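Predicted model only: the values in this text are computed from it and were never measured.
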Amino acid sequence: MSKQVPETIKKQVKRSFNSKEVKKEKNEKRMKLLKEIQTKAFKRAEKYEKEYLEQEQKLVELKQQALKEGSFYREPEPKLAFIIRIRGIVGVPPKPRKILQLLRLRRIYSGVFIRLNKSSLRMLHFIDPYVTWGYPDVETVRALIYKRGHARVNHQRKIIDSNEMIYDKLQKFDIVCMEDLVHEIYTVGKNFKHANSFLWAFKLKPPVGGFSTVKKSFVNKGEHGNREQYINTLVKKMI
Amino acid sequence: MTTQQLRPIVSVFPIKGKVKTIKQVPLPSVFSAPIRPDVVRFVHTNMAKNNRQAHAVSTTAGEQTSATSWGTGRAVARIPRVKGSGTGRSGQAAFGNMCRGGRMYAPKKVWRKWHRKINTNQKRYAVCSAIAATAVTPLVMSRGHRVNKLPELPLVVSDQLQSLTKTRQAVKFLKFIGAYRDVEKVIRTKKTRVGQGKYRNRRHVLRKGPMVVYARNLGIKKAFRNIPGVETASVYTLNLLKLAPGSQMGRFIIWTESAFKLLEDIYGSWEKPSKFKSGFYLPRPVMVNTDVERIIKSDQVQTVLRNRRPRSRKYGKKIQRADPYEDMSVMLKLNPYYKTKLQKQKELEEKNKEERKEIVDKSRKEYEDWLYFSEEEEEEEEEGSDEDREIEVLSDEN
């Protein structure tokens, strides 16, 4: 005759949270959610493209207007910087060492985004000889996050595989997809802090074509310190 | 203990006739005491030291010389040497533990601590454990007793056993009840002791057979005295060294009915203290219900547990992913708008291209026109053919 199934096992199966129906239900829910996320992602990406274009055009307009009037247009000071550590670990004095740690620049050729304000500018002043930094444009931010963007998930560094990953962590900040993340970082929005800390520090490659001399500042034909918009070309070489 | 309110029943067997239950008796609470081999081992190893006799080496052994060291400069070791001459012993080394005929290292003394004090409660705990173990058939069997043919364990027998006087009667009883196989084992395995005990009045070694526990000795002691392997004991004075010989629990015991009943009074229960051991209650087990698996799987526990957190397979493995700028499918997963974006860019480019083309064509035409007219002026002077020129101009446009 049929084997007797122990009662404890019968009960367990009944109570099981992994039973087929439950799994199926969960899966359906998940699929639905993924679809929602992708439609949102589409719409928002569209919106942001327009926004970036408008911004550019506006800037151009204002400059032209100023020219016409004979005055000057002063662009708003940059809010976002991308810092790359270009010196190694050996022989770094304690203050810069601490600041580099605080900025998550713990190894050479690691990069982070940072919001520019008085306090962070002061920090950058201390670590100038060890880093190079500048103002990234949209394409640079995009490239970094798409190609080299890793998320901090459960204290682990995981490559951003899908929008679901971003949704899980940053949904409460209304960041739901890659483009949202890019936008938040580039425009330094309200939730920049959370978006930035979601990202693990970027691990870049040494630049194709090399550096001239790291010991000198960029201004003096070297490499360290503020290089404003030229950070974009450097990132292209290092990404 | 609430589990003990329903006590199992044990059959009482007669000592002759037919092996069938003449009476039923409740199992005393001792048999549900926790079985603690660690306690029994500890108590047994210490209790076993208590029947030792002091021994020591003579105090003067090896010291009965007046040896002195010769000192240095004589090409001999500096050990004390026997004085005098004229005998082989003179000049020989003396006193040291390494010397022949010298005293041993740390000569044994009689005032060595031979006996061990054990806490009374620990002793009682061990005895309770040992008694409980005698009712557990696997333990009794693993101790080596032949108990296959017994009608029941614990084996309780009518009080008539206490009145037996003849060894013949005792043997007959053992055979009747099925315990004689154990005795046969003892007889079969009687051997000369290995080692020096054989010439120190401990020549033979016997296994342990059944133990008969009685309440009143009305001849039973003498009846069982000469049967090899069988021991008798009064229920009032049960000895751990006999209940768990070699600290191995599970002695085969034959109880008489009154002895069996007395166990409840002698060792008490968890509610009532012992009548003979003042203030003694049975030891409590750490766990009452040791079937942990069953407890965990019970409804009462399972309904209160939170959901098992699913293993996050999404983030479990290290995810490899292609570069989105090289693999379009990866890019689209991350940014579904990307394809549309590229299309729009392309359209814009083409539109710009067309516009530019218009502008370029227009300006080129103007240039060509200007060129044409200026050349025409020259032509009028030089009398060249117009048609040839026009063809040239056309070919440049293409």
Side-chain angles (χ1 to χ4, degrees), chain A residues 6-18 22-23 26 30 34-35 37-50 52-53 139 142-143 145-169 177-182 239, chain B residues 287-353 355-356 359:
Chain A
E7 217 187 290
T8 45
I9 293 184
K10 273 193 200 161
K11 283 190 179 174
Q12 201 173 29
V13 169
K14 218 179 171 190
R15 265 188 253 113
S16 173
F17 302 113
N18 285 331
V22 178
K23 268 190 181 160
K26 271 195 179 170
R30 183 163 170 252
L34 288 178
K35 225 179 177 183
I37 294 172
Q38 293 297 79
T39 46
K40 265 195 191 168
F42 190 93
K43 287 193 184 145
R44 289 191 184 187
E46 205 174 16
K47 186 175 83 173
Y48 296 141
E49 289 300 322
K50 275 194 197 153
Y52 299 141
L53 202 66
E139 282 314 312
R142 265 219 192 96
I145 294 180
Y146 275 83
K147 190 166 181 199
R148 298 254 177 251
H150 288 250
R152 187 170 55 91
V153 171
N154 279 341
H155 309 284
Q156 291 176 342
R157 178 176 180 260
K158 301 267 177 208
I159 197 162
I160 300 176
D161 192 36
S162 67
N163 289 326
E164 195 184 2
M165 215 179 200
I166 301 173
Y167 178 88
D168 278 345
K169 285 282 165 187
C177 56
M178 282 293 246
E179 280 301 310
D180 265 343
L181 194 59
V182 168
I239 202 163
Chain B
M287 276 182 93
V288 176
N289 178 11
T290 50
D291 193 348
V292 178
E293 200 181 321
R294 187 141 172 251
I295 293 172
I296 290 173
K297 290 195 173 157
S298 69
D299 274 341
Q300 292 95 317
V301 171
Q302 289 289 327
T303 48
V304 183
L305 296 178
R306 62 157 168 79
N307 283 11
R308 194 178 192 170
R309 291 207 183 109
R311 247 196 250 146
S312 184
R313 290 184 193 285
K314 293 190 277 186
Y315 309 141
K317 302 179 200 152
K318 184 171 184 187
I319 302 162
Q320 303 283 5
R321 184 204 75 181
D323 181 2
Y325 289 104
E326 288 179 11
D327 191 344
M328 184 53 84
S329 62
V330 176
M331 181 51 114
L332 287 178
K333 193 175 175 198
L334 294 170
N335 184 7
Y337 181 68
Y338 192 70
K339 228 179 194 169
T340 328
K341 175 178 159 185
L342 288 180
Q343 272 177 10
K344 287 202 170 167
Q345 271 183 2
K346 220 181 184 181
E347 285 169 11
L348 201 70
E349 262 182 51
E350 285 189 11
K351 191 169 126 208
N352 286 348
K353 212 180 183 182
E355 282 181 14
R356 264 180 50 82
I359 295 169

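A:Asp180 places no side-chain N or O within donor-acceptor distance of the main-chain N or O of A:Ala41, the cut-off being under 3.5 Å.
Neither the backbone nor the side chain of A:Ala151 comes within contact range of chain B; no heavy atoms are under 4.5 Å apart. No part of B:Ile296 comes within reach of chain A, as not one of its non-hydrogen atoms sits under 4.5 angstrom from that chain. With a 4.5 Å cut-off on non-hydrogen atoms, A:Glu49 touches chain B through its side chain but not through its backbone. If you measure heavy-atom distances from A:Gln38 to chain B, the contacts under 4.5 Å come from both the backbone and the side chain.
Ionic pairing of A:Glu46 and B:Lys341 is not present here: no N-O contact between side-chain nitrogen and carboxylate oxygen is shorter than 4.0 angstrom. Under the 4.0 Å criterion applied to side-chain N and carboxylate O atoms, A:Glu139 and A:Arg142 are assigned as salt-bridge partners.
Between chain B and the options A:Ile37, A:Ile160, A:Thr39, the largest number of non-hydrogen pairs under 4.5 Å is found for A:Ile160. Between chain B and the options A:Arg44, A:Arg157, A:Met178, A:Glu7, heavy-atom pairs under 4.5 Å are most frequent for A:Met178.
Side chain to side chain, B:Asn335 and A:Tyr146 meet the donor-acceptor criterion of an N or O pair below 3.5 Å.
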**Worked verdict on B:Tyr338 versus B:Gln343 for side chain to side chain donor-acceptor pair (under 3.5 Å)** = CA-CA 9 Å; B:Tyr338 192 70; B:Gln343 272 177 10; over 6 Å; no
